[in-house]
Amino acid sequence: MAIFIVISNLTDRGAETIAEKPERIKAVNEELAKVGAKIKEQYIVFGDMDFINIVEVEDAEKFLKAIIELNSRGTVRTRSYLALPVDKAINAIKSAPSIGHPQEKKIVLKKVFRYA
């Protein structure tokens, strides 16, 4: 399972739809459930965005397609962020292979030239 944070903004058309049928918000959640995406938390917010959703996803590829389809309707624009729990991120940082750090290479070069 993956967790995504999805930030959404309604277009003018989307705002009209919600004003006429506020329950449309829940209908979209049901559509996402068809691809294995479960809305864990959902907030309508004030400010430069309209919705913040915490979504648990079984299959990221299916979720991608669903998000593209939602955006293609012209009623909403989304931004999606993969979220990792802190403990899982710490374990990944500790266990993933290193690609090397530029500072490590400088230290090695200094040692080589110091003995040359």
Side-chain angles (χ1 to χ4, degrees):
M1 292 285 198
I3 299 290
F4 283 86
I5 298 171
V6 181
I7 297 172
S8 308
N9 287 310
L10 295 170
T11 63
D12 290 344
R13 198 164 98 204
E16 288 173 16
T17 300
I18 298 301
E20 292 171 11
K21 295 181 181 179
E23 63 277 0
R24 182 70 186 120
I25 297 166
K26 296 286 188 166
V28 171
N29 297 350
E30 292 169 13
E31 290 176 297
L32 290 172
K34 292 177 186 176
V35 297
K38 180 179 181 185
I39 308 301
K40 300 293 281 180
E41 295 184 56
Q42 185 170 46
Y43 301 95
I44 294 175
V45 295
F46 296 93
D48 62 345
M49 63 193 77
D50 297 317
F51 295 92
I52 296 176
N53 301 281
I54 310 299
V55 185
E56 188 176 64
V57 176
E58 290 176 9
D59 185 322
E61 289 83 7
K62 288 179 184 176
F63 182 63
L64 168 67
K65 184 175 181 182
I67 289 291
I68 290 171
E69 287 178 3
L70 287 177
N71 280 274
S72 74
R73 295 175 182 172
T75 55
V76 68
R77 293 289 171 249
T78 63
R79 288 173 286 170
S80 301
Y81 304 90
L82 177 62
L84 294 175
V86 170
D87 290 336
K88 189 172 182 178
I90 289 170
N91 288 337
I93 292 166
K94 287 180 176 179
S95 65
S98 175
I99 61 169
H101 189 282
Q103 294 300 323
E104 292 173 1
K105 292 177 183 176
K106 288 180 183 178
I107 292 168
V108 170
L109 288 175
K110 285 180 183 177
K111 287 180 180 177
V112 169
F113 287 116
R114 189 180 317 155
Y115 296 111

Check the hydrophobic clustering (I, L, V, M, F, W, Y; side-chain heavy atoms under 4.5 Å; chains of links allowed) and say if [X] and [Y] are grouped together.
| X | Y | value |
| --- | --- | --- |
| Ile67 | Leu82 | yes |
| Ile93 | Val86 | no |
| Tyr43 | Met49 | yes |
| Tyr81 | Ile39 | no |

- Answer yes or no: is there a donor N or O on one side and an acceptor on the other, between the side chain of Asn71 and the main chain of Thr78, under 3.5 Å?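 Checking the backbone N and O of Thr78 against the side chain of Asn71, a donor-acceptor pair under 3.5 Å is found.
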- Item | Asn53 side chain vs Gln42 backbone, donor-acceptor pair below 3.5 Å |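 Flag not set: sc Asn53 to bb Gln42 has no pair under 3.5 Å.
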- Step-by-step side-chain contact (heavy atoms from CB on, under 4.5 Å) determination, Asp59 to Val35: CA-CA 8 Å; Asp59 185 322; Val35 297; over 6 Å; no
- Task: Assess whether side-chain contact (heavy atoms from CB on, under 4.5 Å) is satisfied between Val28 and Val76, documenting all intermediate values.
- Result: CA-CA 11 Å; Val28 171; Val76 68; over 6 Å; no
Distance check, rounded to the nearest 0.5 Å: [X] atom [atom1] versus [Y] atom [atom2]?
| X | Y | atom1 | atom2 | value |
| --- | --- | --- | --- | --- |
| Ile7 | Asp50 | CD1 | CG | 11.0 Å |
| Glu41 | Ile54 | CD | CD1 | 6.0 Å |
| Arg77 | Ser8 | CZ | OG | 11.0 Å |
| Lys62 | Lys34 | NZ | NZ | 13.5 Å |
| Thr17 | Asp12 | OG1 | CG | 11.0 Å |

- Message: Quick check: closest heavy atoms across Pro22 and Ala19, and the distance to 0.1 Å?
- Response: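 Heavy-atom minimum between the residues: CD-O, 4.3 Å.
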Would you indicate whether the side-chain heavy atoms of [Y] and [X] approach each other to under 4.5 Å?
| X | Y | answer |
| --- | --- | --- |
| Ile52 | Ile5 | yes |
| Leu10 | Ile18 | yes |
| Ser80 | Val6 | yes |

- Query: Any ion pair linking Arg73 and Glu31 (charged N to carboxylate O, less than 4.0 Å)?
  - Reply: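 Yes, Glu31 and Arg73 are salt-bridged.
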- Message: I'd like to know whether Phe51 forms a side-chain contact (heavy atoms from CB on, under 4.5 Å) with Ile25, so could you lay out the CA-CA distance, the side-chain angles of the two residues, the decisive distance to 0.1 Å, and finally the verdict.
- Response: CA-CA 10 Å; Phe51 295 92; Ile25 297 166; 3.9 Å; yes
- Does the side-chain contact (heavy atoms from CB on, under 4.5 Å) test come out yes or no for Lys65 and Ile68, once each step is laid out? CA-CA 5 Å; Lys65 184 175 181 182; Ile68 290 171; 5.7 Å; no
